[in-house]
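Accompanying notes for the structure given below.
So that the names make sense, note that chain A is the first sequence line, chain B the second, and so on, each numbered from 1. Values in this document were obtained by computation on a predicted structure and should not be read as measured data.
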Protein chains: 4
Amino acid sequence: MSTDATPQLRADARRNRDRIINAARVVFAERGPEVPMEEIARAAGVGTGTLYRRFPDRDSLIRAVGQHVFGRVLDEARAIAARESDPWRALTEFLLTATDMHTVLRLSMHSPRAREVLGADPELTQVRGELLSILDSMVRAAQESGALRADVSSGDIAMILSIVLQGVRDVPDDVRREAPARYLTLVLDGLQARPGTPLPGRPVTAEDISMARVYTAD
Amino acid sequence: MSTDATPQLRADARRNRDRIINAARVVFAERGPEVPMEEIARAAGVGTGTLYRRFPDRDSLIRAVGQHVFGRVLDEARAIAARESDPWRALTEFLLTATDMHTVLRLSMHSPRAREVLGADPELTQVRGELLSILDSMVRAAQESGALRADVSSGDIAMILSIVLQGVRDVPDDVRREAPARYLTLVLDGLQARPGTPLPGRPVTAEDISMARVYTAD
Amino acid sequence: MSTDATPQLRADARRNRDRIINAARVVFAERGPEVPMEEIARAAGVGTGTLYRRFPDRDSLIRAVGQHVFGRVLDEARAIAARESDPWRALTEFLLTATDMHTVLRLSMHSPRAREVLGADPELTQVRGELLSILDSMVRAAQESGALRADVSSGDIAMILSIVLQGVRDVPDDVRREAPARYLTLVLDGLQARPGTPLPGRPVTAEDISMARVYTAD
Amino acid sequence: MSTDATPQLRADARRNRDRIINAARVVFAERGPEVPMEEIARAAGVGTGTLYRRFPDRDSLIRAVGQHVFGRVLDEARAIAARESDPWRALTEFLLTATDMHTVLRLSMHSPRAREVLGADPELTQVRGELLSILDSMVRAAQESGALRADVSSGDIAMILSIVLQGVRDVPDDVRREAPARYLTLVLDGLQARPGTPLPGRPVTAEDISMARVYTAD
DNA sequence: TATGAATGAGTCTTCATTCAT
DNA sequence: AATGAATGAAGACTCATTCAT
């Protein structure tokens with residue numbers, strides 16, 4: 001975990017904090033970010049009072065969940081960048097790994113409320129920046145190696161990832177589980193097209209989306 | 001418009017109904033499907049009493065918006081099917097047209113609540129069925145013509161469409177406007193790959209998603 | 001009534017507004033300014049929703065009660081100033097009238113909360129300013145006529161009034177009812193003492209208490 | 001100190017108890033008697049657990065503060081009665097001393113809650129009784145000596161004291177500090193008026209206020 | 001014993017829906 | 001028929017008090 005803003009905490013309090021974040025992650029995913037706080041408390045096995053002691057309001061809980069998840073993605077991105085020398089494989093692996101890891105986030109973060117809150121969090125903004133910077137390196141390397149078409153930029157990739165991560169619902173379980181990887185693979189084929197169909201619009205750079213929430217396309 | 005559940009209505013009442021649906025479409029898009037009803041009434045320029053006379057509760061308003069938008073997509077799909085003889089062009093055009101037409105819907109329908117309501121509406125279910133059937137014909141024809149790779153099915157296409165329609169936020173205006181067409185084009189390149197990378201999972205058929213809400217991947 | 005910030009209101013809404021202010025005046029007096037809002041609503045014979053529609057939070061209700069009561073005192077002060085030519089009688093009458101009229105306020109306004117809220121209200125600040133200015137004229141005239149000792153100023157009078165208006169509790173009803181007039185009369189005797197005992201401290205002017213809440217000494 | 005309900009206590013526990021009472025006295029004065037218990041604990045430099053070990057609930061803490069302060073007034077009253085032979089000077093000195101000593105109490109005790117709790121405490125009732133009895137002697141002696149007007153009784157004096165002790169706020173510091181002595185002096189001048197203006201109401205006796213809380217006119 | 005974490009009842013406040021005007 | 005006021009149930013949040021560390 002890359003981010004950790006809570007220095008010292010009694011062992012039991014620490015444990016509760018973790019349980020709450022995990023419960024919130026799951027419950028937000030299932031019921032949206034407006035679920036009654038009591039539901040989250042119940043899922044975490046604590047009283048509402050404990051929930052509020054740890055997170056003084058809903059927004060701060062949303063922030064904590066966001067930081068938790070983004071921190072994990074960042075760790076993963078760093079590991080892949082360090083380990084994988086082939087540029088196309090690094091990019092591919094990163095996208096698929098992120099997909100695999102964060103089925104959750106794509107569900108958690110759908111709401112104007114969540115977007116606003118996360119967008120205003122400086123800690124999260126920084127993590128997102130680092131993530132984009134790693135992605136940018138991967139994209140450039142893959143283009144230099146000739147594996148990736150030239151008319152896209154790292155912002156495009158981030159957006160595609162975020163879009164695909166939205167996921168689908170109300171389909172058979174196996175379909176839902178496979179969907180992100182399946183459609184990401186399809187897009188990756190499109191990204192290798194040489195020459196591909198001319199793309200409408202212009203390449204979207206990392207700067208373009210520095211104001212965006214990478215994984216929260218909506 | 002294909003669907004219309006409210007046959008006779010005085011002219012002014014009719015006008016109110018339309019204003020409300022349009023206001024709701026916009027306000028749902030901007031503020032999510034949980035906006036206070038009063039806000040919708042205000043946007044429509046009517047009192048809450050009038051809103052409730054026309055739509056007895058929030059769900060019925062959500063349904064009406066859904067029917068309105070789906071109806072327009074269906075009309076368009078029929079027109080394209082009738083007009084376009086080249087299968088790949090028909091498919092492409094349909095997807096891009098749907099993209100263009102429904103920036104709105106993708107914003108409106110993100111919530112467990114909306115999903116449930118729309119999923120339970122028989123009228124909407126039927127429209128969706130017709131839409132899927134048209135899409136299915138287009139997909140088969142495109143595969144027979146050799147333009148479309150064989151390891152996907154019409155359910156895949158519907159899901160991809162629904163995913164891309166989710167759209168993005170917090171990016172420059174031109175980027176947001178172009179995003180659906182841009183990434184759909186990219187996917188279409190992937191869909192033409194011969195041979196493409198083997199896709200994980202299995203083809204998703206129209207049956208698979210008959211329980212799904214095509215445009216509400218969330 | 002001197003202050004009225006609420007222009008047009010449907011007849012029934014107006015009636016409810018008045019009932020709420022009156023109920024709040026009484027209930028604040030009896031139970032302090034932290035009574036559950038529901039209690040006030042019940043006393044006014046309305047639902048909590050109505051209460052909140054009219055006064056979006058507790059503070060705005062406190063403000064409304066304060067304005068209501070102060071407005072009535074101001075009206076009375078003006079009437080006395082216009083009617084009474086003898087300076088000492090004017091002062092005396094004003095103090096006793098205020099006493100008589102506002103048994104209520106002295107009970108309503110005891111709390112840091114109430115003080116803060118009322119102190120921050122510009123409308124109320126202005127009414128208080130006018131009141132002080134009228135009182136100041138009365139005090140100067142009474143001193144010029146020789147009826148009032150010279151070592152006090154209008155701020156002193158306002159403070160004394162506010163102190164006496166605090167009232168007492170847990171005493172027989174007749175005692176409580178008479179207390180303000182009785183002790184004010186006693187003070188008035190002290191105010192006529194020529195020469196009186198030298199007073200510790202210095203005369204308190206209207207400026208000194210322009211930051212104070214005249215009737216809310218604590 | 002006249003009253004002490006907690007005989008044996010380890011030195012450090014004793015120290016904690018005192019710190020808590022003093023902190024409560026101050027914090028009640030500043031923030032009213034409904035301040036969160038945690039705030040009092042913090043001001044005393046202890047944990048809430050310690051606070052509750054010493055005082056099982058808020059009421060018992062209010063009682064302890066009341067006993068503490070009243071005890072000190074009683075000690076003072078006894079000393080004055082023993083030391084001062086001139087009746088008017090004894091009365092005057094007592095009133096001004098009480099004023100000087102208890103700026104605090106007048107702030108602490110403004111709330112229905114506090115009143116009720118203190119009124120129900122037998123220990124406090126007894127202290128108050130002794131205090132009234134001393135005051136009664138002083139009043140009678142002063143009237144017999146001719147220094148004090150005859151149309152008042154000891155209950156009046158107690159009430160006046162309690163009223164003046166309420167104090168004022170939001171005025172310059174020097175004014176607030178001097179206010180009780182200044183206005184008590186004014187009243188004392190009124191109390192010497194021979195003949196004074198006829199007072200409305202009737203003399204208030206010690207019996208009349210035996211149910212009252214001397215210092216808690218509110 | 002001192003601490004501060006956990007609990008949950010009590011209030012405040014919002015807003016979907018009903019109803020008087 | 002249209003309006004906007006009234007209602008009250010639902011959910012957020014606070015804090016007195018209890019309890020594990």
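- Nearest-nucleotide mapping onto DNA chain E: of B:Tyr52 and C:Met37, the residue sitting toward the 5' end is C:Met37.
- Although no hydrogens or angles enter the test, the distance criterion places no donor-acceptor pair under 3.5 Å between the side chain of A:Arg54 and the main chain of A:Asp18.
- Evaluation of the side-chain contact (heavy atoms from CB on, under 4.5 Å) rule for C:Asn16 yields C:Arg19, C:Val46, C:Thr50 as partners, not counting sequence neighbours.
- F:dA1 atom P lies 15 Å from atom CZ of B:Arg15, rounded to whole Å.
- If you measure from atom CD of A:Glu34 to atom C1' of F:dA12, you get 12 Å, rounded to the nearest angstrom.
- Stems are defined here as 3 or more consecutive Watson-Crick or G-U wobble pairs with pairing distances under 3.5 Å; those involving DNA chain E are E:2-21 with F:2-21.
- A:Asn16 has no side-chain polar atom (N or O) that falls below the 4.0 Å cut-off from OP1 or OP2 of E:dA5.
- The interatomic distance linking A:Arg58 (CZ) with F:dG11 (C1') rounds to 9 Å, in whole Å.
- With a 4.5 Å cut-off on side-chain heavy atoms, A:Met37 and A:Phe55 do not count as touching.
- As a whole-Å value, the separation of D:Arg53 CZ from E:dG4 P is 15 Å.
- Taking side-chain N and O atoms only, C:Thr50 has a distance below 4.0 Å to OP1 or OP2 of F:dT7.
- Following rounding to the nearest Å, D:Arg17 (CZ) and E:dT1 (P) show an atom-to-atom distance of 16 Å.
- Nearest-nucleotide positions on DNA chain E place A:Leu51 closer to the 5' end than the other of A:Leu51 and B:Gly49.
- What separates CD1 of B:Ile20 from C1' of F:dT3 is a distance of 13 Å, to the nearest Å.
- Across the protein-nucleic acid pair, C:Glu38 atom CD and E:dC12 atom P stand 9 Å apart, rounded to whole Å.
- Residues passing the side-chain contact (heavy atoms from CB on, under 4.5 Å) test with D:Asp57, sequence neighbours excluded: D:Asp59, D:Ser60.
- Comparing atom distances between the A:Thr48 side chain and each of E:dT17, E:dG8, F:dA2 picks out E:dG8 as nearest.
- Considering all non-hydrogen atoms of both residues, A:Gln67 and A:Asp121 come closest at NE2-OD2, 2.7 Å.
- Dashed line: the shortest gap from a side-chain N or O of B:Arg54 to OP1 or OP2 of F:dA2 is under 4.0 Å.
- In this structure, the CZ atom of D:Phe55 is 16 Å from the P atom of F:dT18, given to the nearest Å.
- The CZ atom of A:Phe28 lies 6.0 Å from the CZ atom of A:Arg58; values are rounded to the nearest 0.5 Å.
- Between B:Val46 and A:Pro56, the one whose closest nucleotide on DNA chain F sits nearer the 5' end is B:Val46.
- Of the possible polar contacts, none joining the C:Arg63 side chain to the C:Leu124 backbone as a donor-acceptor pair under 3.5 Å is found.
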